[in-house]
Amino acid sequence: MKFRLKKTIAFSLAGLFVVGTLVVPSSAAMLATEEPVEGGNVPLQEYCENVVDGNVAAQSVELLTATDGAISASESAVSASAVDAEADTEAEPEHVELNLNYSRLGIASKVDTYLNIRKKPSKKGKIVGKLTKNAGCHIYKIKKGWAKIVSGKVTGWVKSAYLVTDEKAEELATKVGKDVVEIQTDSLRVRALPTTDAPIYSVVSEGEEFTIKKANLTLDYVKKIIDKEDVSKKALKRAGGEAQIESEMSNFVCIYVDDEYAFVSKDYVKQIYSLKRAVKVKTVKASKSAGVSSGQASIVEYAKQFLGNRYVWGGSSLTNGTDCSGFTMSLYAHYGYSLPHHAASQAAQTRSVSSPKPGDLFFYSNGGGINHVAMYIGGGMVIHASNPSDGIKISNAYYRHPVKIGRVMN
């Protein structure tokens, strides 16, 4: 769909998931539901209006030289592909709802992987966030080569030379954004097939965003997914068979959960067109009081430098392409630890913990077993090789409810 953007846009990525009963740590335990709840993310414009320049520390960003990246994908053999666009033949400009309200749009397109967002407009400024390639932001002002921006929950400064701005940014947004769903209720069940009787693929959290694979399902399309994902006869029978799928599928959307397909009910998600947003980061340091070792702090800081690099299924190169378990395997190999190139096998070799520390591994299930792994970087966030579209990214640790948190080093 070809969009023409207006000056006010609301960004947002959201997602849905499939079947699978998950064991959730006590810190994240929530009752899974398929009922909607009120509320949603506060629009960025409202957030901006509540931010008074004098009351907010100036934050800045600079380009961090990054290695060449690839594209992302998960350990599933099914790779994620771009959402098919529909032709827009309307004469009137169409309002595109994004996950950001802006009066002046900026997009970080002139970078290989990401920009550092800094607290002050200086290369010596503290890094407070990262703006990955093609992520969007609202620009407050540009001064002496630095742009003060807000994106997501991060406010700060970036080098303006790496941003595309104004009309060019609005035009670019129609090419680099995605059709997504935003989860509108907490602990939403994502299903393996488009029926409420289908096995649970995963459980996802409110506010999370997932790329739409197909919004309007057909029985032939679902059959192709069944073949690609090798859905068992038992799971198909539990879902009620083709007749039940055909009767319910109009109320479901097919989404990507990392690099696999899953289905979510339209009743509990919001479909929008989205640009990526900045993510908050903070430097992890060794601390006896917090129980964080120098090794744990070091591996997290090492992992962050690969943000934005490619996802390649079966890969293990931190610079040229890796999948989720290849990513964690290679990170730990750099510090002398041997892990297998398989998420479930890594889970088996780690000690379960209830309270995560930097460097711990979060394991997620697709209902049939562990199929994804990410590394905890503190502050409730993980870094992981997600899919071909997003590559190595930073996410909320509970974007999917983990089935295990495992510790490799103390």
Side-chain angles (χ1 to χ4, degrees), residues 1-14 41-49 51 53 58-64 66 69 71 82-83 85 88 90 92-118 121 128-180 182 209 211 272-280 307-308 389-391 393-394:
M1 174 161 28
K2 185 175 181 180
F3 298 104
R4 285 172 288 179
L5 308 187
K6 290 185 178 180
K7 281 288 185 180
T8 303
I9 292 183
F11 293 35
S12 175
L13 292 172
N41 290 344
V42 176
L44 184 57
Q45 183 173 356
E46 180 179 339
Y47 171 74
C48 293
E49 291 171 354
V51 176
D53 287 355
Q59 301 168 335
S60 72
V61 187
E62 80 171 305
L63 175 67
L64 178 70
I71 45 179
V83 179
D88 178 14
E90 297 181 6
E92 291 299 319
E94 181 176 351
H95 174 74
V96 181
E97 189 175 16
L98 298 176
N99 55 355
L100 171 68
N101 286 337
Y102 69 90
S103 57
R104 187 178 185 186
L105 180 64
I107 297 178
S109 67
K110 299 180 180 181
V111 296
D112 289 333
T113 52
Y114 64 89
L115 284 172
N116 284 324
I117 303 175
R118 296 185 181 272
V128 296
K130 294 183 183 293
L131 194 69
T132 54
K133 184 176 179 64
N134 290 328
C137 64
H138 163 74
I139 301 173
Y140 286 113
K141 60 184 176 181
I142 296 178
K143 183 179 181 181
K144 295 181 179 180
W146 289 88
K148 185 176 184 182
I149 67 162
V150 59
S151 179
K153 297 180 180 180
V154 187
T155 302
W157 294 84
V158 301
K159 292 290 289 184
S160 60
Y162 302 110
L163 298 177
V164 171
T165 63
D166 305 318
E167 288 79 8
K168 289 184 179 180
E170 294 184 12
E171 181 180 356
L172 181 61
T174 66
K175 301 175 183 177
V176 299
K178 299 177 183 178
D179 290 310
V180 304
E182 179 181 352
E209 301 167 344
T211 301
I272 46 184
Y273 187 74
S274 172
L275 291 181
K276 292 184 288 187
R277 293 165 291 184
V279 291
K280 279 188 175 181
L307 178 66
S389 177
D390 296 326
K393 64 184 290 188
I394 292 174

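Residues that satisfy the side-chain contact (heavy atoms from CB on, under 4.5 Å) test with Thr132, not counting sequence neighbours, are Tyr114, Ala135, Lys276, Leu307. Partners of Lys168 under the side-chain contact (heavy atoms from CB on, under 4.5 Å) rule, at least two apart in sequence or in another chain, are Val164.
Between the OG atom in Ser160 and the CG atom in Leu115 there is a gap of 10.0 Å [rounded to 0.5 Å]. For the atom pair Glu170 CD and Thr165 OG1, the distance stands at 10.0 Å (nearest 0.5 Å).
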Could you go through Lys280 and Val128, starting from their C-alpha distance and side-chain angles, then the distance that decides it, and tell me whether this counts as side chain to side chain contact (heavy atoms under 4.5 Å, CB included)? CA-CA 6 Å; Lys280 279 188 175 181; Val128 296; over 6 Å; no
Check the pair Ile272 / Val180 against side chain to side chain contact (heavy atoms under 4.5 Å, CB included), numbers first and verdict last. CA-CA 5 Å; Ile272 46 184; Val180 304; 3.7 Å; yes
Show the numbers, then the answer: is there a side chain to side chain contact (heavy atoms under 4.5 Å, CB included) between Lys175 and Ile107? CA-CA 12 Å; Lys175 301 175 183 177; Ile107 297 178; over 6 Å; no
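The nearest pair of heavy atoms linking Leu172 to Asn134 is CD2-OD1, 4.5 Å. Considering every non-hydrogen atom in both Leu131 and Ala108, the closest pair reads CD2-CB, 3.6 Å. Closest of all the heavy-atom pairs between Leu105 and Ala173 is CD2-CB, 4.2 Å. The two residues Asp179 and Tyr273 have their closest heavy-atom pair at OD1-CD1, 3.5 Å. Across all non-hydrogen atoms, the minimal contact from Val154 to Gly129 is CG1-CA, 4.1 Å.
Listed for the Lys133 side chain is a donor-acceptor partner under 3.5 Å among the backbone atoms of Ser109. Tyr102 contributes no side-chain N or O that, together with a main-chain N or O of Val150, makes up a donor-acceptor pair within less than 3.5 Å. A side-chain donor-acceptor contact under 3.5 Å links Ser151 to the backbone of Ala278.
In this structure, Lys143 and Pro121 have side chains that are not in contact, with every pair of non-hydrogen atoms separated by 4.5 Å or more.
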